[in-house]
Amino acid sequence: MEGRVAESTVDADLLDRGGVGLTIQGRRATITLNRPDKLNAQTPQTWYALREIGQSLDSDIRVVVVRGEGRAFSAGLDRRLFGFDEVEGSPGVMSLGRRPTEQADAEIAGFQQGFSWLRDPDRVTIAAVQGHAIGAGFQLALACDLRVLASDARLRMAETTLGLVPDLGGTLPLVRAVGYAKAVEICLAGREVTAEEAERIGLANSVVPAEELDSAADELAEAVAAPPAGAARETLALLAQAEEAVELEQQLAAERSAQLRRITEMIELHEA
């Protein structure tokens, strides 16, 4: 995507603590999970960094690509955090149960914000997934609008088999992508979904050889960033609404409203 590489406005120390890299080039932002020695395992610091990125991106950013450095997209939550002890400034998961309910709920809500902004209709988000995407890694990929998988990708929702639940926003897009019954199987059995199966059941837009993953993500990013920003934003909002159980007349009315806004804006631009 054309344009010079711009410096990130996100605090560098926050990105470093979270093991997250951010590159902005033209209309594109690339987020890289950058703990390859830990298979890009995540911590709450990762989620805080992602949340800050979402809050800081300029409105002219049209597409965001999320990728992982090394041989895995993300192996999920750092295993050291599956207890009570604090690890590198992050609370152990079990310690949340010893806090007042409102406090613990607010803390988890803060974690979720690291993922939820990726479905904002102001921009298109793409997950470029290689190797393992487990638990929080799988949910991060699900948070994106589109997913390109390397042929070696392996997706697994491991939380339920560990006695927990997926709580980073992954349940809704999973059910929407594959249906309730298949989502039950994937979560409760905790089994791996191969790249081939992911494409077949609707979890992947495409599967490419591992060495072609970056170029495939680049090509898709170029394509989805091509339409005018307003048209892309309105279309994303319409498609997101269409996933809900809305009546046909509601959707038709929403389409009319969106189209009239687009026509009005196009006239204003033409007459400016």
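- Taking E234 as the reference, R261 meet the salt bridge (Lys or Arg N to Asp or Glu O under 4.0 Å) condition, with sequence neighbours excluded.
- T43 places none of its side-chain heavy atoms less than 4.5 Å from the side chain of K38.
- Judged by distance alone, with hydrogens and angles left aside, the side-chain atoms of T46 form a donor-acceptor pair with the main-chain N or O of G18 at under 3.5 Å.
- Residue pairs meeting the salt bridge (Lys or Arg N to Asp or Glu O under 4.0 Å) criterion with at least one member in residues 107-134, sequence neighbours excluded: R99-E107, R119-D145.
- Using a 4.5 Å cut-off on side-chain heavy atoms (C-beta onward), V66 and T125 make no contact.
- Checked against side chain to side chain donor-acceptor pair (under 3.5 Å), E265 has the following partners two or more places apart in sequence or in another chain: R262.
- The CG atom of L50 sits 11.5 Å away from the CD atom of Q45 when rounded to the nearest 0.5 Å.
- In this structure, CG in N40 is found 12.5 Å from NE2 in H132, a value given to the nearest 0.5 Å.
- Smallest separation of non-hydrogen atoms from P44 and L81: CD-CD1, 3.6 Å.
- When only modelled atom types and interatomic distance are considered, S74 and Q42 share a side-chain donor-acceptor pair under 3.5 Å.
- Looking only at distances, a side-chain donor or acceptor of D78 sits under 3.5 Å from a matching main-chain atom of R80.
- Looking only at distances, no side-chain donor or acceptor of D152 sits under 3.5 Å from a matching main-chain atom of Q130.
- With sequence neighbours left out, the side chain to side chain donor-acceptor pair (under 3.5 Å) criterion links E255 to no other residue.
- When every heavy atom of R147 is checked against every heavy atom of A141, the shortest pair comes out as NH1-O, 3.1 Å.
- Evaluation of the side-chain hydrogen bond (donor to acceptor under 3.5 Å, both in side chains) test over residues 155-171, restricted to residues two or more places apart or in two chains, returns Q139-E159.
- Across L149 and A198, no two heavy atoms sit closer than the pair CD2-CB, 3.7 Å.
- Residues L220 and S206 have side chains not in contact (no heavy-atom distance under 4.5 Å, counting atoms from C-beta outward).
- Side-chain atoms of L57 and I24, non-hydrogen and from C-beta on, do get closer than 4.5 Å to each other.
- Smallest separation of non-hydrogen atoms from A136 and L168: CB-CD1, 3.7 Å.
- Residues in residues 206-215 take part in these salt bridge (Lys or Arg N to Asp or Glu O under 4.0 Å) pairs, two or more places apart or across chains: R67-D214.
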Let me see the working for E222 and R28 under salt bridge (charged side-chain N to carboxylate O under 4.0 Å, His left out), right down to the final yes or no.
CA-CA 9 Å; E222 289 281 358; R28 168 178 167 172; over 6 Å; no
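- The two residues S151 and V207 make their nearest non-hydrogen contact at CA-CG1, 3.7 Å.
- The shortest side-chain heavy-atom distance between L213 and F73 does not fall under the 4.5 Å cut-off.
- Note: W47 and F115 have perpendicular aromatic rings, judged against thresholds of 30 and 60 degrees for the angle between ring planes.
- The two residues A217 and I126 make their nearest non-hydrogen contact at O-CD1, 4.4 Å.
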Step-by-step side-chain contact (heavy atoms from CB on, under 4.5 Å) determination, K182 to I201
CA-CA 9 Å; K182 181 62 71 172; I201 65 178; 4.3 Å; yes
